[in-house]
Amino acid sequence: AQKITQTQPGMFVQEKEAVTLDCTYDTSDQSYGLFWYKQPSSGEMIFLIYQGSYDEQNATEGRYSLNFQKARKSANLVISASQLGDSAMYFCAMRERNYGQNFVFGPGTRLSVLP
Amino acid sequence: GAVVSQHPSWVICKSGTSVKIECRSLDFQATTMFWYRQFPKQSLMLMATSNEGSKATYEQGVEKDKFLINHASLTLSTLTVTSAHPEDSSFYICSARMGLASAHPTDTQYFGPGTRLTVL
């Protein structure tokens, strides 16, 4: 079974609007971390935001926020006020305590910001 | 802070030759480094995990004799693709985690810029 599911292979958003990228995960572990990375066409992986499973507040980092719904096992990324430079691939990832130090990545969502 | 570099950024080689890719943590000590492979339009797939001073742990399906990993110091890990073939052409990305070997799930990994390997 897929550990990380990102159901949107591609998304379009108008510049300056907000967009939500979906991520659902599957784990039986109580202690885990959820991460979002951005990969522009250059290929580098840029860390955006993380949420710990015990964190009660949703994580926020500038224009990025994470809508964490633990009971539904979802960790959606919200980008506010989209910019042209936000066009990239976005990967959701998880690390579980019982599975050591390894990340498991979702298939990714390609976001295109339209002028 | 937390910068990871990779060298080379791209390499083209002939089939049958070996290629070495270096991954360096520039401003922190990385007890653990990870090597990923990413095919076009696909996600990152973990190949192996290396801890400084010990043998790498390879994921299922990854040939350890073909992808040699050496983590000789706390700032350097190398991946050598031996006897490369066209199907090994891919984007190889390393990442590094600072701190103790026992990771907390929320510990962040820092990624290098990647190396694009093309085998002719």
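Just so it is clear: chains get the letters A, B, ... in the order the sequence lines come, proteins before strands, and each one is counted from 1.
- Proximity to chain B (any heavy atom under 4.5 Å) is shown, for A:Phe105, by both the backbone and the side chain.
- The environment of CD in A:Glu56 is sparse: at most 12 heavy-atom neighbours from other residues, nucleotides or ligands sit within 6.0 Å.
- Aromatic ring centroids of A:Tyr37 and B:Phe111 lie under 6.0 Å apart.
- Heavy atoms from other residues, nucleotides or ligands lying under 6.0 Å from CZ of A:Phe12 number 12 at most.
- In the hydrophobic clustering of ILVMFWY residues, with side-chain heavy atoms under 4.5 Å counting as a link, A:Met11 and A:Val113 come out together.
- Note on B:Val62 and B:Ile21: same hydrophobic cluster, where clusters join Ile, Leu, Val, Met, Phe, Trp and Tyr whose side-chain heavy atoms are under 4.5 Å apart, directly or indirectly.
- Heavy-atom neighbours of B:Lys66 NZ from other residues, nucleotides or ligands within 6.0 Å: above the threshold of 12.
- A:Val13 is connected to A:Ile79 through a chain of hydrophobic side-chain contacts under 4.5 Å among Ile, Leu, Val, Met, Phe, Trp and Tyr, so both are in one cluster.
- In this structure, the side chains of B:Leu44 and A:Met45 come closer than 4.5 Å at one or more pairs of heavy atoms.
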Q: Decide yes or no on side chain to side chain contact (heavy atoms under 4.5 Å, CB included) for B:Arg97 and A:Arg95, but give the supporting numbers first.
A: CA-CA 13 Å; B:Arg97 194 186 57 79; A:Arg95 179 191 284 129; 4.0 Å; yes
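- Listed options A:Ala93, A:Gly106, A:Ser42 were ranked by heavy-atom pairs under 4.5 angstrom with chain B; first place goes to A:Gly106.
- Linking Ile, Leu, Val, Met, Phe, Trp and Tyr residues whenever their side-chain heavy atoms come within less than 4.5 Å places B:Val11 and B:Val119 in a single cluster.
- B:Ser43 contributes no side-chain N or O that, together with a main-chain N or O of A:Gly108, makes up a donor-acceptor pair within less than 3.5 Å.
- The contact between B:Leu46 and chain A is made entirely by side chain atoms (from C-beta outward), counting heavy-atom distances below 4.5 Å.
- A:Leu48 and A:Tyr32 fall within the same hydrophobic cluster, defined by Ile, Leu, Val, Met, Phe, Trp and Tyr side-chain heavy atoms under 4.5 Å apart, directly or through other members.
- Only the side chain of B:Glu59 comes within contact range of chain A, with heavy atoms under 4.5 Å apart.
- A:Phe91 places a side-chain heavy atom less than 4.5 Å from the side chain of B:Gln38.
- Ranked by heavy-atom pairs under 4.5 Å with chain B, the first of A:Gln39, A:Arg110, A:Met94 is A:Gln39.
- Aromatic ring centroids of B:Phe34 and A:Phe103 lie 6.0 Å or more apart.
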